[in-house]
Amino acid sequence: MTDPALPSAQPFLKTPACAPEAPAVALPFGLAYSRYVHRLAHAREGWAERAQAAAAAPIDAAWLSARFAELFDTHAVELEPALKRALRLLRNEVFAGLVERDLSGAATLDEVTGTMTDLAEFAVRAAISVIGRDLEALHGQPIGHASDEVQELMVVGMGKLGGRELNVSSDIDLIFLYDEEGDTRGGPRPLSNHEYFTKLGRRLINVLADVTEDGYVFRVDMRLRPNGDAGPLVCSLGMLEEYFVVQGREWERYAWIKGRVITDPTSAHAARVIQQLERVTTPFVFRRYLDYGVIAAIRALHAQIRGEAAKRSHGANRQHDGQAGADSARASARAPNIKLGRGGIREIEFVAQVFQLIRGGQDFALRVRPTLEVLRAAAERGLIDADVVARLTEAYRFLRQLEHRLQYIEDAQTHNLPGSAEDQLRVARMMGFADYAGLVAQLEAYQDEVAQQFEQTFADKQDSQPPCASIWHADLLDDEYTETARGQLAELGYADPDSVLERLRATRNSPRYRALSEVSRQRFDLLINRALDHAARQTDADVTIARFLDFFDAISRRASYLSLLSEYPQAMARVAHTLHASRWAADYLTRHPQLLDELLDVEALSAQPDWPAFRERVRDRLRAAEDHVEMQMDILRQEHHAETFRVLLQDLQGLLSVEHISDRLSDLADAMLDLTLETVWQQVSTRHREVPRFAVVAYGRLGGKELGYASDLDIIFLYDDDDERAPDVYASFARKLITWLTSHTAAGTLFDVDTRLRPNGAAGLMVTHFEAFRRYQMREGDNAAWVWEHQALTRARFCAGDAEIGARFEALRTAVLRQHREAGPLRDEIVAMRERVLEGHLNPTQFFDLKHDRGGMVDIEFTVQFLVLLHSEVHARLTGNKGNIALLHMAGELGLIDATRAAQVADAYRDFRARQHKLRLDGQSAARVAAGTCAHETAQVRALWAEVFGVPPVPSAPPAA
């Protein structure tokens, strides 16, 4: 019969009123709603008042320790029974205190789960301390053979204990580890370390889980240890590492995400073992590459868990007394288990874990343990919409609150909705609802949202077959099938079906294909079929499918990439467009298949970069990996490749002009140089100051912000630091910096770097003191800059490092460019330099070289440089590093050259750059076109050269016979 006197708990998610400071009756909410608390209160006089004291304030580690000291009889003849009693009494008071604080609105969900986690950790540590003293008296201390040090039992908390998310009636998942093999010393009955820790582990489990007249502390589950129930109770770190390598299963990766040592981590030995444990577990849990294979694995595991939950729920429902009304039947049929059923807690956990398992190997910030923190981190990185995270967070808190209220009734580890009308009302009131129908309606709404997000994340997208699925199958290798396949390919639009069939057969017959696992081969087959379909939709299907096959050959060894394209069919269309549109893009994607991930973010494909946010995000990743140098190098490369690829994709869609592309790539290079400087400086062991007085100056294409996709960086290094150690420190820093920029790692390379434009070229110092650089450029002394070095200075700028040195460089650059120069000698120097450049880039073909041939880009650049060096003394505007097109227009406006011709040459330069850019994307190493296609533009350039230098340019060398 329902008790009409049940008090109303505070409404869920509304600001609660605090519990009364001095309630008339101790534990009013606990006595009203929890039959377990009610029984405890009636069994022991004064117990409710003592438990009420626990509810007066949040329970912390200090309170647990103090209260345990009051409960534990240290003078008992047998300490272990006294320990068991004290821990159980403590646990019951904590349980009652949490019930009261939670239902009165004084405690948050985080407080409840955090307090239970603190209790579990305290109980484990207290038990080990007492049992350990007893064992040492009999067996001595366990000593490692290798280190000759005392060994400790390391208890790893898994699941919700590891994530500090323990519920009020939870069991605890534990794993027992130790560092070294060895034997005990100092006791009358020595044991091996393994035997000693096994004894300790068994007694620890008994202390925690044995049910006595006082109840239990925590049920203990050891099935997550290597080999589960069939494995030894404790294992060494060496055994754990070998197990991961040889037998570790996919689901164990998920379990170890939350694994955390819960025994005292403060000793030097414990700290070292924790570090070793991280070294063992991290590569097992977090793959270094993007691991999309986990989606199918989690999908399969979830189906298994949901099936088991349905069986258990069905069994539980059969025990109900049949008094439940229509609402009860409706709720139970829909999702009787709020943890494992549809839209339950586990589905939210899986949604969070998938981000960790896919990306945690590259992004340390995703390695946090609590579920809601993982979701927040994923939202901050744009991996999931913030509003979706907000809804999942609200649903998670609701479900966890409901979970606790279900368990408060009998202190039972249940996640099933109640079957009796009395308990339904009891739970509804605890959740702040007037009746059970209201609770069920809200629950269903949350479950629907969670299930929808889960299904969107994990829906199986591998079943759909494209129209041409019949081409790629085992019969492809049979001659009898040739005619049929040839006809199908021709019908799809392939121009040369025989060549395509030959490539397909070669792929199917290749050792790499035959070596694929069964799962990977199924995915590969599906993707080939889809590729044939997508390629057929392009204007040149034969070229596209050939690039597809090269691409698949590159990624087939990584099951994760096959999984990504299988799980996200929409990415295949973007891959097809990318492979078709540009040979360079196809090669770039093939070299860096991790960029497939970028194809999933539709918004990023059209978004403009936010460089401050980009720098801060990359800094966060670098800081998180500060103890992993190779990981930091990979992070820089991953971020650079990803941003370059975004520019490329927008370029292929026609969203960016050549100037915009160069600006983006130059800004990206500046950001990467700055971030690399900051990171590498922390790696210089001899550094003598916190922030280096060091700057990077860009020349050439980077200096003129005309960078292309594959351009190298012309840079020099300046410093302004009078410390006697500075020359050696900065020289070492510069060498290390170049190594970081140019080394090939698992993530590829960052930049090719050319430092020959520094004073005295390759014979000069790697780094130059600013004052020495100033004297060199101003020609003060015997060692002075050449004219060509002042030419290069017209396209130079500060790009990274110390901003004050950068400002001084810009001022010096202006001063150098505004020096007085005689027209005749300057003209002769630049014309002679142009001839030397031409001799170094002879064109033996009948095609026109857009860059180096007469009438091409170099003629325009030399002309602009001459105008800047000759006229900046009078016209300071010319010193601005505005790019060749802007400077040409400026020279025309100032009357230094004919304004009309200036505009025509500016248009020619823009046209040359666009043509060069397209040829680079088509995979051409030299930018050469049919001679007649640029006749008008080259004529304008030659005419300007004649106008400026007084003589027509010497024609390019004739093509070789």
Side-chain angles (χ1 to χ4, degrees), residues 159-160 162-165 250-260 281-302 344-396 449-461 558-561 563-568 570-571 594-604 617-618 620-621 624-625 631 634-635 638-639 642:
K160 285 188 166 58
R164 292 193 57 81
E165 301 166 312
E250 198 71 18
W251 66 263
E252 290 177 292
R253 291 179 59 203
Y254 321 148
W256 274 96
I257 282 182
K258 292 183 184 289
R260 178 174 61 89
T281 59
T282 298
F284 173 67
V285 176
F286 300 109
R287 305 294 192 244
R288 292 187 61 182
Y289 48 86
L290 295 174
D291 187 7
Y292 281 92
V294 301
I295 295 177
I298 290 180
R299 184 191 300 125
L301 177 62
H302 172 262
I345 296 167
R346 182 55 53 84
E347 291 192 354
I348 300 175
E349 293 170 341
F350 277 156
V351 169
Q353 283 184 335
V354 77
F355 297 117
Q356 294 181 286
L357 291 166
I358 290 175
R359 302 168 184 275
Q362 297 184 353
D363 193 340
F364 282 51
L366 289 169
R367 297 183 183 182
V368 292
R369 294 181 178 91
T371 299
L372 296 184
E373 287 187 26
V374 176
L375 289 173
R376 279 196 294 271
E380 289 169 0
R381 278 149 183 75
L383 305 176
I384 183 172
D385 289 343
D387 61 335
V388 172
V389 169
R391 293 196 299 273
L392 288 177
T393 298
E394 187 174 322
Y396 181 82
E449 283 202 82
V450 171
Q452 181 180 1
Q453 183 60 39
F454 179 87
E455 287 156 11
Q456 182 178 332
T457 304
F458 293 99
D460 191 346
K461 312 169 187 75
R558 289 281 180 85
S560 176
Y561 297 139
S563 298
L564 183 154
L565 291 172
S566 300
E567 295 290 347
Y568 296 95
Q570 72 271 23
Q594 67 271 17
L595 296 174
L596 284 171
D597 187 54
E598 300 301 319
L599 297 173
L600 305 181
D601 190 348
V602 178
E603 291 184 7
R617 176 168 57 80
V618 180
D620 286 345
R621 289 191 65 190
M631 177 65 74
D634 283 348
I635 287 169
Q638 292 158 6
E639 294 287 354

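Everything quoted here is computed from the prediction, not taken from an experiment.
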### Query
If you measure from CZ on Phe350 to CZ on Phe355, what distance do you get to the nearest 0.5 Å?
14.5 Å

### Query
Does any non-hydrogen side-chain atom of Gln453 lie less than 4.5 Å from one of Ile384?
yes

#### Entry: Pairwise side-chain contact, Tyr254 with Glu349, heavy-atom cut-off 4.5 Å (strictly under)
no

### Query
Counting distance only, does the side-chain N/O of Arg253 pair as donor-acceptor with the main-chain N or O of Phe286 below 3.5 Å?
no

#### Entry: Note, Thr371 side chain near Lys258 side chain (heavy atom, < 4.5 Å)
yes

### Task
Could you tell me whether the side chain of Tyr561 reaches within less than 4.5 Å of the side chain of Gln594, counting heavy atoms only?
yes

### Query
Per the side-chain contact (heavy atoms from CB on, under 4.5 Å) rule, which among Glu347, Arg346, Glu449 passes with Phe454?
Glu347

### Task
Heavy atoms only: give me the nearest Gly361-Met631 pair and the separation to one decimal.
O-CE, 3.1 Å

### Message
So for atom CD, which belongs to Glu250, do other residues, nucleotides or ligands contribute more than 12 heavy atoms lying within a distance under 6.0 Å?
### Response
yes

### Task
Report yes if the side chains of Leu375 and Tyr396 come closer than 4.5 Å at any heavy-atom pair, otherwise no.
no

### Query
Can Arg367 be said to sit on top of Phe364's aromatic six-ring, NZ or CZ under 6.0 Å from centre and within 45° of the ring axis?
yes

### Message
Can you tell whether the side chains of Glu639 and Arg617 come within less than 4.0 Å, N to carboxylate O?
### Response
yes

### Query
So do the side chains of Glu165 and Pro370 get within less than 4.5 Å of each other, counting heavy atoms only?
yes

### Query
So do the side chains of Asp363 and Arg621 get within less than 4.5 Å of each other, counting heavy atoms only?
yes

### Task
Specify the closest pair of heavy atoms between Val389 and Ala379, including all atoms of both residues, with the distance to one decimal.
CG2-CB, 3.8 Å

### Task
Indicate the atoms forming the closest heavy-atom contact of Val450 with Ala395, along with that distance.
CG2-CB, 3.7 Å

#### Entry: Step-by-step side chain to side chain contact (heavy atoms under 4.5 Å, CB included) determination, Ile358 to Asp597
CA-CA 10 Å; Ile358 290 175; Asp597 187 54; 5.6 Å; no

### Query
What is the minimum heavy-atom distance between Ala625 and Ile635, and which atoms define it?
CB-CD1, 3.9 Å

### Query
Between the main-chain N or O of Gln362 and the side-chain N or O of Gln638, is there a donor-acceptor pair closer than 3.5 Å?
no

### Message
Quick one, Ile345 and Ile348 - any side-chain contact, counting heavy atoms below 4.5 Å?
### Response
no

### Task
Quick one: do Val354 and Phe458 satisfy side chain to side chain contact (heavy atoms under 4.5 Å, CB included)? Show the steps, please.
CA-CA 9 Å; Val354 77; Phe458 293 99; 3.8 Å; yes

### Query
What are the two closest non-hydrogen atoms of Leu565 and Ala571, and how far apart are they?
CD2-CB, 4.1 Å

### Task
Indicate the atoms forming the closest heavy-atom contact of Val374 with Ala352, along with that distance.
CG1-O, 3.4 Å

### Side chain Arg260, main chain Ile257, donor-acceptor under 3.5 Å
no

